[in-house]
Every structure is written in structure tokens, then in C-alpha cells.
Amino acid sequence: MTKYTGRTAVITGGAHGTGLAIAKRLVEGGARILVTARDPAALPQARTELGRTAHLLTGTTPAPDAVATRLGHVDYLFVHAGSPDTSPSTAAAEVRATLDALLPLLTPEGSVVLSGCPASQPALRACAREAAARGVRVNTVAGGHGDDQMQRRGSADEAARAALFLAADSPLTKNTELPVDVTPDEPGDPRHV
């Protein structure tokens, strides 16, 4: 039995960058997943990397009936706030829409991890507080570029491990913001999830 066998996950913004790295780790661990991407052109490469068992949809917020039909329920929900071109208010609206649509499918022991570019962090904090007030275990991966003196920045896979730690490996961790510095302008940059 592998680590995520029997688990389900939805990853918005999961066709490249950190989102794809999360999706790959989940599939390798035996989870059933559904991935969304804004850009339909990103899905063929994601299909190649994730295999035929992953469900891939175009858009920012998957319809609850589409998720229920494909997965039944959701154990882990990874929601990325927008793209580099999305305003913080639009990103917050998209996150709220996703949470409103999918929280009814989240299992009682399920977990939500929010992430996004540095500009979206205030909106993510607000969305996290709102979800926590609804009794959801929610954490945030705060993407950023940290101190310019930092000698090394993380990869997409390292950011994915941080997100998966919050979702799956730390059931007592909630309402936490974990700063994760990744290499700017690389596929692992949270702005490119």
C-alpha cells in the first residue's frame, strides 16, 4: 500500500509548477486526483506526466458534480490563487468560489491548502480565516522570494512537499502560513502554479 492509496485530491492550477509537482507526488502515492488548469494547452503535457488515471479539467473552479462523479469526495484540496496576471481581488473571488463549491465534498478529516503569488497573500489569509470559521482544517503556503541574501531557493518539488506536509502529514496543524521561497521565474515559482 502506498502513502495516499484510498485518498482523493483536487488541485487547482495543477498543470505545471508546484501544482503539477503536488499532483505527481499524489499519483505516485496512489491517490485519485482531479487537476484544473486555466490554459487548456497545458493539459496534454500534464496528462503525459500524470498518466491516464488523473482527471484533468479546464477552468479555475471545478463543478461540484464533476468532482463528485470522478472522485466521490475530497480528502485534500489544493487551491492556487490566480496567475501572475490576476488581481488579488479576482484571485480571492476565485478561491472563495472554489471553497464554496468543493467544501461540501471535503471529508471531516480533510484538509485545504491555499497558495499563490506574493501579491495574493492578504487575500489568501482572509480566505483561510473564512474557511477555518466553517470548521475546515486549512493552511497556507506563502510563496515569495524572501531575503535577497538567501543562498538557495527551493524547487517546485520542494514546495510540493511543503504543501503535502500541511495537507497529509500534520493533522494537528491548522490555520498556519508556511513561507516557501522558490526560484523566481522558474516553473516552481508560485506565480506559475
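We count residues from 1, following the sequence as given.
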Validation row: [X], [Y] side chains within 4.5 angstrom (heavy atoms):
X: Leu166; Y: Thr173; value: yes
X: Val112; Y: Leu102; value: no
X: Leu164; Y: Leu26; value: yes
X: Ile33; Y: Ile22; value: no

Val141 and Asn139: CA distance, side-chain angles, deciding distance, side chain to side chain contact (heavy atoms under 4.5 Å, CB included) verdict: CA-CA 7 Å; Val141 173; Asn139 292 289; over 6 Å; no
Listed once per pair and sorted, the salt bridge (Lys or Arg N to Asp or Glu O under 4.0 Å) pairs that draw on residues 12-22, sequence neighbours left out: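 Counting only pairs at least two positions apart or across chains, no salt bridge (Lys or Arg N to Asp or Glu O under 4.0 Å) contact touches residues 12-22.
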Salt bridge (Lys or Arg N to Asp or Glu O under 4.0 Å): pairs with one or both residues in residues 114-123, sequence neighbours excluded: none
Between [atom1] on residue [X] and [atom2] on residue [Y], distance to nearest 0.5 Å:
X: Leu77; Y: Leu105; atom1: CG; atom2: CG; value: 9.5 Å
X: Arg70; Y: Asp65; atom1: CZ; atom2: CG; value: 8.5 Å
X: Leu34; Y: Ile11; atom1: CG; atom2: CD1; value: 8.0 Å

Which atom pairs, donor and acceptor, lie under 3.5 Å between side-chain atoms of residues 50-60 and protein residues at least two apart or in another chain?
none

Residues in side chain to side chain donor-acceptor pair (under 3.5 Å) contact with [X], at least two apart in sequence or another chain:
X: Arg137; answer: Ser111
X: Thr69; answer: none
X: Asn175; answer: none
X: Arg7; answer: none

Partners passing side-chain contact (heavy atoms from CB on, under 4.5 Å) against Thr107 (at least two apart in sequence or in another chain):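 Only His73, Asp75, Glu109 meet the side-chain contact (heavy atoms from CB on, under 4.5 Å) criterion with Thr107.
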side-chain contact (heavy atoms from CB on, under 4.5 Å) against Ala37, all qualifying residues, sequence neighbours excluded: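 Applying side-chain contact (heavy atoms from CB on, under 4.5 Å) to Ala37 gives Ala15, Leu43.
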Between [X] and [Y], is there a donor-acceptor pair closer than 3.5 Å when you use the side chain of the first and the backbone of the second?
X: Glu94; Y: Ala91; value: no
X: Thr18; Y: Ala160; value: no
X: Asp157; Y: Ala21; value: no
X: Ser87; Y: Thr90; value: yes

Worked check of side chain to side chain contact (heavy atoms under 4.5 Å, CB included) between His16 and Gln45: CA-CA 9 Å; His16 49 80; Gln45 181 60 36; over 6 Å; no
Heavy-atom closest pair, residues [X] and [Y]:
X: Leu71; Y: Ala9; result: CD1-O, 3.6 Å
X: Thr61; Y: Ala97; result: CG2-O, 3.8 Å
X: Ser170; Y: Phe165; result: OG-O, 2.9 Å
X: Ala128; Y: Thr140; result: CB-OG1, 3.8 Å
X: Leu99; Y: Cys127; result: CD1-O, 4.2 Å
X: Ala163; Y: Val113; result: O-CG2, 3.7 Å

Where at least one partner belongs to residues 121-134, residue pairs that pass side-chain hydrogen bond (donor to acceptor under 3.5 Å, both in side chains), sequence neighbours excluded: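 Only Arg96-Glu130, Asp100-Arg134, Arg125-Glu177 qualify under side-chain hydrogen bond (donor to acceptor under 3.5 Å, both in side chains).
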Those residues that, when tested against Asp39, pass salt bridge (Lys or Arg N to Asp or Glu O under 4.0 Å) (two or more places apart):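 If we apply the salt bridge (Lys or Arg N to Asp or Glu O under 4.0 Å) test to Asp39, skipping adjacent residues, there are no hits.
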Partner residues of Glu28 under the salt bridge (Lys or Arg N to Asp or Glu O under 4.0 Å) criterion, sequence neighbours left out: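 Glu28 satisfies salt bridge (Lys or Arg N to Asp or Glu O under 4.0 Å) with no residue once adjacent residues are dropped.
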